[in-house]
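What follows is a single structure, written as structure tokens, with notes after it.
Atoms within each ligand, like the ligands themselves, are counted from 1 in listed order. Quick caveat, the model's predicted, so the values are computed rather than measured.
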Amino acid sequence: MRNGRAWGQSCPVFIGNSVSAPPPILPNPLAGDPPAALGVLGGGQLGRMFVHAAQTLGYATVVLDPDPACPAGQASERHIRAGYDDPAALNELAALTQAITTEFENVPAQTLAALARTRRVAPGAEAVAIAQDRRLEKAHFSRCAAQGGVAPAPYAVIETEADLAAAPANLLPGILKTARLGYDGKGQARVGTRAELSAAWAGMNRAPCVLEQMLPLALECSVIVARGRDGQTVSLPVQRNLHRGGILAVTEVYEANVPLALAARAQQASLTIADELAYVGVLCVEFFVLTDGTLVVNEMAPRPHNSGHYSIDACDLSQFELQVRALAGLPLTQPRQHSAAVMLNLLGELWLNADNRGRPRPPPWPQVLALPGAHLHLYGKTDARPGRKMGHLSFTGASAHEARARALQAAELLGLESWP
Ligand code: ATP
Ligand code: MG
């Protein structure tokens, strides 16, 4: 087992096979007791929905994000406006909270490690550092695959000219991905030949990269797991995802959205990936299903994930409540999906349609909300830009047919492309 125990004070004590976790941080204490406050690094929409879930359970929240208008800062009781490496701000965050999480994976791993000296931090710095770097991430997946898990795409690490020259021919055509800081398809180039590979790597300033074989995808899916400090794990149902332009567009979750045997394998592989990191918190693992039915693991996000947003409306326990519970050390119970769900991402383009005076026009929410089972979530962003995630719309239904039919109607009202 990998020693991912970078959470300092909260480091569990292994006694034989069992793990003793520290006592839970109980919400809503009475006057005179220390306030129960949870901190979150990052103020985007994931932080905002974490704050909502924490507040529902009776916790106070403190968000650290330099942006004064950030979505989570608007929702939280406290918002510290500072950078993620500002020592005074990190001290203030630690002083105001009992436990701290992160809503984005590019938070400096040293920040998590520093906070973990005095506070419970989940996920831990080591797990986040692995998820931040595709080289470490793929090596972790390969180790898990060797234990009967699911393998990543064939790949090679490119760090030097010699690596480039030695890249196996079977990786072309392929995708060159920067090892660090890629998201929503950024930091990636599709390459067909060695000449294109060289040019693409030069275009990435010869930063460390991985070259992955281009695979024939039949579909994409993801699994969200939550793991407690005591090693207990639960998972959400497998999500089927459709991307457009490298950005998640649609997530569909209902029985047999993915062939059942593959769904079971993806869930088992995700639990192994979390266990082998001694992970604490919510983790999302993305998979490909190839045209020949092979399951391939793509990447992981050490936090709640866009493909899990449907769980707020369609499950009895959302990915955000799971994150709150795992962080606070409260019990994790197996979530139950009570409704079929289809989620549509709402990107900035939707707002950029002009009215007849040339001004941006809000999308037709009254018509959309007239559809039964519609749940609109807007993130409080006032600056619409193409590709910017402004909100999402989940449809719940008694059947997959019902949820899909309404989501397709909404897509038509919003001018979004249909999907099969
Ligand atoms: P995210 O927004 O999920 O963080 P990302 O920028 O980190 O995305 P990936 O998930 O690696 O990037 O890739 C984005 C998309 O590109 C995938 O969802 C998939 O559609 C496509 N893709 C990535 N790798 C491959 C591959 N090896 N073969 C075929 N398609 C791929
Ligand atoms: Mg991805």
Side-chain angles (χ1 to χ4, degrees), residues 42 44-46 102-107 128 130-142 145 150-158 167-168 170-192 196-197 200 204 207-224 238-252 258 266 270 273 282-309 319 343 345 347 386-389 392 417 419-420:
Q45 61 269 15
L46 298 173
T102 176
E103 63 117 40
F104 72 117
E105 61 260 51
N106 289 322
V107 64
V128 173
I130 292 172
Q132 280 173 349
D133 189 315
R134 291 188 195 272
R135 294 165 294 182
L136 303 177
E137 181 178 64
K138 286 189 192 297
H140 179 65
F141 291 160
S142 299
V150 172
Y155 74 100
V157 172
I158 309 285
N170 73 328
L171 299 184
L172 294 173
I175 306 190
L176 186 69
K177 301 181 180 179
T178 54
R180 302 177 65 85
L181 298 174
Y183 70 97
D184 287 349
K186 296 187 176 73
Q188 297 193 4
R190 297 186 172 217
V191 290
E196 284 174 17
L197 173 60
M204 292 172 183
C209 283
V210 296
L211 173 64
E212 264 178 55
Q213 191 179 73
M214 176 76 78
L215 299 173
L217 309 190
L219 62 92
E220 298 189 53
C221 61
S222 56
V223 177
I224 285 163
V238 175
Q239 294 110 210
R240 179 171 176 155
N241 302 323
L242 174 76
H243 294 81
R244 290 199 190 107
I247 305 177
L248 182 68
V250 182
T251 293
E252 300 188 77
V258 171
S270 304
I273 286 166
V282 168
L283 175 78
C284 179
V285 186
E286 296 179 13
F287 295 88
F288 300 142
V289 177
L290 308 189
T291 46
D292 68 359
T294 310
L295 188 66
V296 170
V297 59
N298 174 31
E299 61 171 357
M300 61 182 172
R303 51 170 171 76
H305 191 259
N306 195 167
S307 64
H309 291 355
Q319 62 168 349
M343 184 223 57
N345 256 348
L347 304 182
R388 188 170 197 214
K389 291 175 182 168
H392 70 269
E417 218 181 292
W419 65 95

Point to revise | Asn306 and Lys389: CA distance, side-chain angles, deciding distance, side chain to side chain donor-acceptor pair (under 3.5 Å) verdict | key: CA-CA 10 Å; Asn306 195 167; Lys389 291 175 182 168; 3.2 Å; yes

Review point. Taking it one step at a time, do His305 and Glu286 satisfy side chain to side chain donor-acceptor pair (under 3.5 Å)?
Key: CA-CA 10 Å; His305 191 259; Glu286 296 179 13; 3.1 Å; yes

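Judged by distance alone, with hydrogens and angles left aside, the side-chain atoms of Glu196 form a donor-acceptor pair with the main-chain N or O of Gly192 at under 3.5 Å. Judged purely by atom type and a 3.5 angstrom limit, Arg244 uses its side chain to pair as donor or acceptor with the backbone of Glu417.
Atom NE2 of residue His140 and atom CE of residue Met300 lie 5.0 Å apart, to the nearest 0.5 angstrom. In this structure, CZ in Arg134 is found 5.0 Å from NZ in Lys177, a value given to the nearest 0.5 Å. From Leu283, atom CG reaches atom CD1 of Ile224 across 9.0 Å, with rounding to the nearest 0.5 Å.
Here atom 8 (O) of ligand 1 lies nearest to Glu299 when heavy atoms of Glu299, Gln213, Met300 are compared. Of all the listed residues (Glu220, His243, Arg190), Arg190 holds the heavy atom that lies closest to atom 16 (O) of ligand 1. Checking Arg134, Gln188, Lys177 against atom 7 (O) of ligand 1, the nearest heavy atom belongs to Arg134.
Under a 4.0 Å N-O distance rule, the pair Arg303/Glu105 qualifies as a salt bridge.
Side-chain contact check for Ser222 and Ser307: at least one donor-acceptor pair (N or O, by modelled atom type) lies under 3.5 Å.
Every atom of ligand 1 is numbered from 1 in the order shown, and the set under 4.0 Å from a heavy atom of Glu286 is 3 (O), 10 (O). Shown in contact with Ile175 at under 4.0 Å from a heavy atom are these atoms of ligand 1, numbered in order with element: 22 (N), 23 (C), 24 (N), 25 (C), 26 (C), 30 (N), 31 (C).
Counting heavy atoms under 4.0 Å from ligand 1, residue Ile247 does not touch it at all. In Leu248, neither the side chain nor the backbone holds a heavy atom less than 4.0 Å from any atom of ligand 1.
Considering backbone and side-chain atoms together, Glu212 places an N or O closer than 3.5 Å to an N or O of ligand 1. Residue Gly246 has no nitrogen or oxygen atom sitting less than 3.5 Å from a nitrogen or oxygen atom of ligand 1, judged on distance alone.
Protein atoms that are N, O or S and lie under 2.8 Å from the Mg ion (ligand 2) are these: Glu286 OE1, Glu299 OE2.
Partner Gln132 forms a side chain to side chain contact (heavy atoms under 4.5 Å, CB included) with one of Val128, Leu136, Ile130 and no other, that one being Val128.
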